[in-house]
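Reckoned from all heavy atoms, side chains included, excluding hydrogens, waters and symmetry mates. Residue numbers start from 1 in every chain, and the chains themselves are labelled A, B, ... in the order their sequence lines are given, proteins ahead of strands.
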Amino acid sequence: MTDALPLLVVIPLFAALFPVALGYLWSDAGWATAAVTALLHLGLASVVAQQVINSGQFSYAVGGFQPPIGIELVADSVTAVLVVLISVITILIVAYARRAGPHQNAFYSELLLLTAGVSGVVITGDLFNLYVFLEITGLATYALVAANRSPAAALASVKYLLVGTIGASLYLLGVGYLYVATGTLNMADLAGQLPAVGYDTPLVVTGFVLLMTGLAIKTALFPLHTWQPNAYAESPHSVTAYIAALVSTAAAYAIFRITYTVFTTSFASVVPLALDALAWAAAISVIVGSVLAVVQSDLKRMLAYSSVAQFGLIIAGIAVMNEIALTGSLVHLVGHAVMKAGLFVAVGGLASIAGGQTIDDMIGLGRRAPIVSLGFATLAFALVGVPPAIGFAGKWQIVLGAVSAGHWAVGVVAVISTMLTLAYFLRIVERLYFRSPSSVDEQTSDMSMNMTTDGGDAMATSISQTTRVIVTLSAISAIALGLAASDLISILEPALEVYF
Amino acid sequence: MAEIISLRPLIAVILPAIGIAGIVLSRRYQNIREGATIITAVSTVAIIASLLPAVLAGNVYITNLGSFVPGVAFTLRADALGTLFALLASFLWVITSFYSIGYMRGLGEHAQTRYFASFAGSVSAAIGVAFASNLIILYIFYELLTVATYPLVTHDESDAARAAGRKYLAYTFGGGVAVLAGIVLVFWSTGTVAFTSGGIASLASIDPLIARGAFALLAGGFGVKAALIPVHSWLPDAMVAPTPVSGLLHAVAVVKSGVFGISRLVLDVYGPETVAQLGVGVPLAVVAAITIVIASVIALRQDNLKRRLAYSTISQLSYIVLGLGLFSPEALIGGLLHIPAHAFMKLTLFFCAGAIHVETHTDNISKMAGIGRRMPLTMSAFAIASVGMAGLPLVAGFVSKWYLLIGSVDAGYPIFAIVLLGSGILNIAYFWPIVYQAFFQTAAETDAKPVVEFSLGGQWHPIRTDGHGREYGDEHTEETDADADADADADDDADITAASDAVNNKQSDDTDSESSQRETALSGDPSDPNAETTYAVDMYPSDHTTADTEGSAQKTTADTIDDTDESIDPDSASSDNETLNTGMNRGQDSTGVDASSSTDSSSKSPTPDASLLNTPETEVDDNTDTSANIDHPDIDAPDDDDAYMSDPVWDRRTIYTESTWFMLGPIVIAVTGAVALGIIPQQVVFLSLIEQVVTAATGVII
């Protein structure tokens with residue numbers, strides 16, 4: 001059933017029409033459509049995964065046009081894992097958005113568009129097609145960031161739009177260079193043509209740099225990350241969780257795919273400077289992201305900078321050109337998506353009863369919201385790298401691979417990132433559990449706020465059951481994935497071996 | 001050496017974790033919750049004890065759970081060394097649980113569910129550390145142990161507790177980072193991290209630089225939890241935790257897991273021969289020896305009992321590391337035997353400290369004079385455990401020390417034997433005063449301990465043991481006295497007496513001549529508007545009531561003023577009050593009781609106790625004096641924790657009335673264990689396990 005592959009994109013794309021179309025008849029059309037589509041998406045993803053596990057990598061020619069002229073969709077085990085991840089996160093966020101998120105039908109349309117875009121990035125085997133899906137993702141995200149209609153959100157969205165479009169344009173420029181050099185846009189074909197052109201020709205190297213820079217903007221590596229803190233902080237909680245889990249993930253996947261499938265390890269041996277520069281940039285991103293996270297007082301901004309650091313780690317693992325490190329990067333990619341989604345949903349829940357999303361609003365919430373706080377603490381320590389959670393497995397592989405490849409700096413930075421991550425998470429855990437609200441006034445003011453219904457951000461008395469379930473599931477998955485890390489690695493391995 | 005496939009190691013690790021669920025679910029019913037803890041603890045000991053017969057016969061229990069990351073198997077393995085640690089941890093958890101019940105309820109502590117749940121989690125992680133079959137699994141449980149013990153350290157939720165918790169996490173995660181780096185190096189260079197009896201063979205043949213670097217990283221990382229200098233300072237700060245937690249941290253889980261990590265490193269990762277061949281064993285032993293000496297010296301200076309015990313722990317843990325660093329079977333036995341020996345002794349000491357805190361709210365040694373009357377059983381146990389810490393025979397510490405001494409000489413480094421013997425003397429130096437003053441002194445008889453309160457190395461000007469060098473009436477030295485005493489305050493533990501001495505000396509700074517000093521001192525504050533002038537008629541408004549020699553009166557007036565640091569009227573308006581001033585100083589420990597009696601001629605007939613009786617009368621007399629204000633808040637303020645300030649004599653209690661059996665029972669059991677380890681070490685299972693371990697590691701049949 002190879003048709004499942006394009007349907008992964010087509011069905012959400014098509015379904016995105018329904019919330020707006022049916023919205024006039026039925027106000028709940030948005031959520032219902034999104035729920036059904038998410039479940040369908042999971043079904044399709046399982047089919048694809050099943051196929052990949054049984055018979056290995058397969059491809060699909062869109063419209064029957066054979067590559068390299070036609071667009072080719074490729075599914076290997078990395079793709080399979082990521083589409084399943086996309087499905088699961090979509091289901092969770094749709095469930096969460098039922099109570100918490102923006103309730104307009106337009107929101108659900110945009111969400112489904114985003115699902116289509118992200119799925120497309122992950123399954124495509126064509127460079128320009130990747131650009132198209134990157135743009136779909138971007139456009140949907142720009143709209144979603146502004147979904148809660150506040151001025152700050154609109155500003156964040158515009159900033160993201162500007163920076164993101166520049167990034168996409170740089171990427172397009174890179175694609176153009178490669179097209180000029182080889183005359184093909186298909187990834188597998190490019191891999192064959194580029195050696196003939198010569199890896200060290202200025203055209204090819206510049207193409208690589210442009211591609212990487214554009215994608216680095218999308219992944220939000222330092223210093224191209226500046227759109228991310230605002231976008232995460234100002235968007236609604238459900239949106240933040242979704243884009244934190246999937247958008248940068250898709251861009252990081254694109255970096256992986258282009259580096260290994262299009263340019264291959266031979267490029268790294270001919271032009272080592274290119275990959276070394278990427279590794280160094282990523283390592284700096286780890287450190288700077290963590291340091292900037294420590295000084296934040298807004299919880300979502302802090303988690304945004306945390307993403308900057310974590311993606312730095314992932315890209316560093318990709319850039320050292322070692323199979324063990326690459327496996328670690330992809331494991332960490334999956335794990336980080338799960339953990340960040342859980343963290344942002346937990347933040348949404350905690351902020352709803354605290355009335356704010358700053359760190360000091362979290363004081364004493366360990367008692368008022370025990371389940372969500374415990375989930376938050378578990379996910380925080382998982383991200384720090386406390387084994388056996390998934391955060392450790394990826395980090396271990398990356399460090400081992402970096403040391404094996406001789407990239408001692410990346411290894412050292414990866415090991416130290418534990419301490420850096422601890423620095424910013426400990427502040428929150430301390431405030432959740434080991435501080436109590438200092439004055440009676442604080443408590444009474446909280447209660448009086450609860451009584452006023454100002455129709456926008458009224459404080460809830462307790463966190464919704466859905467939130468609790470999602471956070472708990474996320475925390476348990478982080479630990480379960482960690483324990484099953486070797487299974488995950490053995491699934492990913494067949495796809496990665498071919499590159500070395 | 002058969003391998004027995006069994007689920008029991010896994011069950012032993014999981015049981016306390018399941019106990020967490022039981023504790024949390026029964027949080028509203030205190031007794032059921034405590035029952036859950038006890039049941040979990042007892043069943044954990046039972047499971048681990050059931051492993052003993054086969055392990056003693058040389059077999060190993062294995063639970064295989066698949067692969068964790070490629071190349072690393074997730075296996076739990078109960079061998080002799082692991083069973084030693086697991087048995088120690090679980091057994092001591094049982095008695096610590098009973099003690100915790102008594103302690104937490106005695107103090108009416110908050111968040112008890114979190115406390116008991118974290119305790120169970122810590123023990124689960126500790127047993128996981130014990131049964132780990134390779135470095136990665138050890139690292140997993142090592143980090144989980146850190147996370148599980150953090151809520152215990154921060155239990156109080158005060159600023160000091162939070163700061164201590166932050167420091168604790170920073171240090172232990174930093175150590176974890178170093179351990180991870182070392183593990184990566186080992187795995188990268190040899191392809192395996194599994195514990196192999198005798199060491200991983202290929203480590204002997206790789207590049208020595210990498211091998212030494214990995215050893216340094218691993219030893220340093222584990223050394224953070226093992227409290228080696230210079231990464232030891234989290235431990236004294238962690239004393240802010242409740243005392244059962246300090247007992248757990250010091251005797252059972254955290255520090256012993258650090259030492260256990262080092263022992264696995266030396267015995268099963270590198271192996272003793274490779275360690276000797278690479279030449280990394282002796283530097284480790286040197287670091288340990290430095291830690292032993294420095295920590296003991298710092299311990300001498302601590303007035304807070306728990307801090308003193310903390311530094312004592314730092315010192316004693318390095319006995320174990322010392323034994324591990326020397327390439328000699330006896331040293332290995334001594335080091336490993338010190339794990340249970342020190343555990344029992346230190347747990348006893350901490351339990352005693354906690355019982356004293358609960359029953360009398362006393363934390364500082366300077367207030368504990370005569371406390372043997374109030375808590376006879378506790379202090380007797382304390383005395384026995386101290387004897388063991390010093391390495392005197394009949395208690396556990398002697399046996400391990402004996403092996404260590406023989407081992408050091410055997411390995412060719414008799415210097416370490418001298419260090420050990422010196423450490424024994426230092427142990428006596430910091431434990432004996434506590435025991436002596438508890439039983440053989442009362443508050444009135446004690447005075448300032450120079451080592452605790454004054455700067456090491458002495459001072460430039462002459463100083464009497466009552467803290468004042470003003471017998472020569474030298475105002476220049478008075479200022480420096482104040483400075484010196486103010487410097488002494490800058491020590492970790494603010495001693496009230498030092499503070500009050502400084503205040504007193506500042507008061508006396510205002511005086512120009514010895515005759516003028518007293519009145520200003522009376523007011524307690526140089527800027528006090530009631531401060532009198534320097535006229536003699538004002539200085540001596542009443543007649544002497546005790547016989548004094550003329551000459552000494554002038555001299556001692558200067559001194560006695562400094563005794564005016566009590567809430568009771570600090571009038572030394574007449575030199576006749578000098579004796580009662582000295583009597584009033586009970587528990588302040590500082591000044592003048594014996595000093596003034598030394599300058600006095602034998603005319604000072606009343607005993608200190610009698611002089612106390614004099615106090616009320618003369619107090620009435622002197623109330624009419626200039627300083628009508630009796631209380632001097634600046635002197636009294638630091639004195640928060642001793643509720644018996646004005647009552648210098650402890651009640652006499654019997655062992656049935658001194659404290660609850662929740663606390664006394666564990667104390668008795670712990671001290672009995674310590675004595676048993678000292679008298680019949682062969683019958684108590686630990687030595688047999690250790691002989692197994694060392695035989696396998698070194699090939700020498702013990």
message: Shorter than 4.5 Å, heavy atoms on both sides: which option in Val384(A), Leu400(A), Val386(A), Val399(A) has the most such pairs with chain B?
response: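 With the most close heavy-atom pairs to chain B, the winner is Leu400(A).
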message: For the interface with chain B, which of Glu430(A), Lys395(A), Glu493(A) has the highest count of heavy-atom pairs at distances below 4.5 Å?
response: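 Going by pairs under 4.5 Å, I would pick Glu430(A).
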Considering only heavy atoms, which portion of [X] lies under 4.5 Å from any heavy atom of chain A: side chain, backbone, both, or neither?
X: Arg114(B); answer: side chain
X: Tyr139(B); answer: both
X: Leu185(B); answer: side chain
X: Ile136(B); answer: side chain
X: Val177(B); answer: both

message: Within residues 411-421 of chain A, which residues come under 4.5 Å of chain B, heavy atom to heavy atom?
response: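 Val415(A), Thr418(A), Met419(A) fall under the 4.5 Å cut-off.
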query: Do Trp396(A) and Trp188(B) have their ring centres less than 6.0 Å from each other?
result: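 No; Trp188(B) has its ring centre 6.0 Å or more from that of Trp396(A).
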Distance flag, aromatic centroids of Tyr150(B) and Phe434(A), threshold under 6.0 Å: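 Ring centres of Tyr150(B) and Phe434(A) closer than 6.0 Å.
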- prompt: Got Pro388(A) and Leu144(B) here, is their nearest side-chain heavy-atom distance under 4.5 Å?
  reply: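 Counting from C-beta outward, Pro388(A) and Leu144(B) do come under 4.5 Å.
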task: Taking the side chain as every heavy atom from C-beta outward, state whether Ile489(A) and Pro70(B) have any pair of such atoms under 4.5 Å apart.
output: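 Yes. Closest side-chain heavy atoms under 4.5 Å.
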- prompt: What distance separates Glu157(B) CD from Tyr433(A) OH, expressed to the nearest 0.5 Å?
  reply: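 So the gap between those two atoms works out to 12.0 Å.
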- prompt: Do any N or O atoms from the side chain of Ser67(B) and from the backbone of Ser486(A) form a donor-acceptor pair under 3.5 angstrom?
  reply: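 No, Ser67(B) side chain to Ser486(A) backbone: no donor-acceptor pair under 3.5 Å.
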field: Parallel, tilted or perpendicular, as decided by the 30° and 60° cut-offs, for the rings of Phe392(A) and Phe68(B)
entry: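 Phe68(B) and Phe392(A): parallel rings.
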- prompt: Going by the ring pair (Phe, Tyr, Trp, His ring centres under 6.0 Å) test, which pairs reach into residues 318-338 of chain A, not counting sequence neighbours?
  reply: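 Only Phe311(A)-His336(A) qualify under ring pair (Phe, Tyr, Trp, His ring centres under 6.0 Å).
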